[in-house]
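As a basis for the values below, the full set of heavy atoms in this structure was taken, side chains included, without hydrogen atoms, waters or symmetry mates. Note that this is a predicted model, so its numbers are computed, not measured. Here is how names work: the chains are called A, B, and so on, in the same order as the sequence lines, proteins then strands, and each is numbered from 1.
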Number of protein chains: 2
Amino acid sequence: MFDLNELEQFIAFADLGTLSKVSEQFHISTPTITRSMQHVEEDFGVPIFSRSKNKIELNETGHKAVQCAKAILNETVRAKREVKEFNEHLKTIVVKSCAPAPLWRLLPALSGAFPEMTISSHICPIPEILADLREKKCDVALLPFKVEDSSWHVSPYMEEHLSICIKKEHELAHHKQVSFSDINGFNFLLRSKIGFWDSMCRDKMPSSKFLVQTNDFEFDELVKNSSLPCFTTDVVLANGMPYSDRISIPIIDSEAKVTFHLVTSVSMINFLPAPATT
Amino acid sequence: MFDLNELEQFIAFADLGTLSKVSEQFHISTPTITRSMQHVEEDFGVPIFSRSKNKIELNETGHKAVQCAKAILNETVRAKREVKEFNEHLKTIVVKSCAPAPLWRLLPALSGAFPEMTISSHICPIPEILADLREKKCDVALLPFKVEDSSWHVSPYMEEHLSICIKKEHELAHHKQVSFSDINGFNFLLRSKIGFWDSMCRDKMPSSKFLVQTNDFEFDELVKNSSLPCFTTDVVLANGMPYSDRISIPIIDSEAKVTFHLVTSVSMINFLPAPATT
DNA sequence: TATTATTACGTTAGGCGTAAAGATT
DNA sequence: AATCTTTACGCCTAACGTAATAATA
């Protein structure tokens, strides 16, 4: 049976060319290396060295043996990593959401319910979330609609209602409510990383252009120092309107009011926070 | 670093369920198995067992670890086999021929020239021989034509001339020579394993049918006890006509007279028998 | 002479088994 | 009581290093 340490020495010998160099690299004596190479040769069961009196080198089979030794060691590190990653995965709850708002409620709740677990969350496109659910690559998903699949537990989690956020002097400021068709054509400032809201806006307002800001600070500065309209939601406004010279006007279309659904494997039902009471 | 013996015990434990059973299967004491499992767990670096006072079992990660341990051991046996086969291959000369006759001369010559080598020979279709030459899967090839490739040493080796072998009473018996068109339409007894001659006959005599005999003894009996024509060659007839009531008539077509060419890697030139002197 | 591989040999670390303890069914 | 895992402990193998040998460049 192979000794993995000896295989490492064997591979080092293939690199270094002499047993002496291997011995100093591994900080062990040359007789030990000599014995190791004898063991490796014995383990392979065929001659892999050509020896003269004070010279030892790989024969043709030996070079093949080096490749194979590397393959064995690679397999061991791969196996070790796979087990380690599996173990880590057991200790993490993977959350995938279509939008940021429900995460603001869910992540603290999960952390509280599973203090020993790592919570990993990611905002990503809806098709990716559905694929990850099927492939069991995520434990909890947040989607803007119901999922019909008996292998999953689906429950409404919270609502979010989209509004426009405009200057008090804006021509639309007198409206009590607007529809996507009213605002289609206006150009908007838009945060990045707002999940599915992004594609929804582009879909419902094909004539508008969106100035996407990656950086939150820069977005804030632009909102404060321009008259460009932007979006907000009731969830955000629960903490008050952050821009004193702006008002929010809700969008009346049904698509602007979504109910996020929590999708989990059945086994997690009992551990999840209670759904929102409306 | 993993100990492969311990990994085997680990896999056995996954099968058997208790350390005691592993200990008796491996004929070692239970404390040793206990220590082995501790080593394996330490080597993987993550918990793979769930232990109670007198019960030890795999946890979820442990089951993954078993798969990985199997993968490691599989890799070791694969590697060992690959090196062994490589070593065997070094000690064998692989000969591929398009027909049996040149092998009758070549194989004894090779055995004499390389007494320490194993000679492996096979009659196979010409395209397969060419492919094996390119992929270096054979060391010596016998083909019925020249090969134009500077990476190979090609030399004419011997000739073979096809004849028909018919009863003295046969309607063709008075011919001094025949052509394929003369004999096209007659049905022939045919040995199997005559290499490319088989496809050549079918090609040149599309109206004929061939009664292929796998067994040499049965072929002989059929030739003796029927009036069906068959084939023979000058190489065979060098030892005399084996069937007293038959005669041989050479086929005049150029395709019936082939020159076998010996194709070898350049490095073997010096070791090969001298080409036939014509 | 310096470098290299290998053998001889004494020492010691570590692996194994026996015995026993502790726990469960 | 029987079975199972683990600890304690002593023995002994086998792996290591030092020293020496032999051969080469």
Quiz item: From the 5' end of DNA chain C to its 3' end, which nucleotides mark the outer limits of contact with chain B, defined by a 4.0 Å heavy-atom distance cut-off (strictly under)?
Solution: C:dC16 to C:dT24
Exercise. Apply side-chain hydrogen bond (donor to acceptor under 3.5 Å, both in side chains) to A:Asn59 and A:Ser50, showing your working.
Key: CA-CA 6 Å; A:Asn59 65 18; A:Ser50 83; over 6 Å; no
Those residues of [range] lying under 4.0 Å from DNA chain D by at least one heavy atom:
| range | result |
| --- | --- |
| residues 27-39 of chain B | B:Thr30, B:Pro31, B:Thr34, B:Gln38 |
| residues 50-57 of chain B | B:Arg51, B:Asn54, B:Lys55, B:Ile56 |
| residues 16-24 of chain B | B:Thr18, B:Leu19, B:Ser20 |

Self-check item: Minimum heavy-atom distance between B:Cys68 and A:Val83, given as atom pair plus value
Solution: SG-CG2, 3.7 Å
Taking the side chain from [X] and the backbone from [Y], do they hold a donor-acceptor pair closer than 3.5 Å?
| X | Y | value |
| --- | --- | --- |
| A:Asp139 | A:Val94 | yes |
| B:Ser111 | B:Leu107 | yes |
| B:Thr18 | B:Lys21 | yes |

Quiz item: Which residue pairs pass the ring pair (Phe, Tyr, Trp, His ring centres under 6.0 Å) test with at least one member in residues 47-87 of chain A, sequence neighbours excluded?
Solution: A:Phe10-A:Phe49, A:Phe13-A:Phe49
Heavy-atom side-chain contact between [X] and [Y] under 4.5 Å:
| X | Y | value |
| --- | --- | --- |
| A:Leu16 | A:Gln25 | yes |
| B:Gln9 | B:Ile33 | yes |
| A:Val154 | A:Leu262 | no |

Self-check item: Stretch residues 1-12 of chain A: residues that reach within less than 4.0 Å of DNA chain C through a heavy atom
Solution: none
Self-check item: Partner set under side chain to side chain donor-acceptor pair (under 3.5 Å) for B:His39, not counting sequence neighbours
Solution: B:Glu6
Self-check item: A:Phe2: ring pair (Phe, Tyr, Trp, His ring centres under 6.0 Å) partners, not counting sequence neighbours
Solution: A:Phe44
Practice problem: Can you sort out the partners of B:Phe260 under ring pair (Phe, Tyr, Trp, His ring centres under 6.0 Å), two or more places apart, ordered by chain and number? | Solution: none
Practice problem: Determine which pairs satisfy salt bridge (Lys or Arg N to Asp or Glu O under 4.0 Å) with at least one residue from residues 68-79 of chain B, sequence neighbours left out, and list them in order. | Solution: B:Glu75-B:Arg78, B:Arg78-B:Glu82
Quiz prompt | All pairs passing salt bridge (Lys or Arg N to Asp or Glu O under 4.0 Å) where residues 37-47 of chain A contributes a residue, at least two apart | solution = A:Glu41-A:Arg51
Can you give each donor-acceptor pair under 3.5 Å made by side-chain atoms of residues 125-136 of chain B, sequence neighbours left out, with the distance rounded to 0.1 Å?
residue	atom	partner	partner atom	Å
B:Asp132	OD2	B:Lys96	NZ	2.9
B:Glu135	OE1	B:Lys137	NZ	3.2

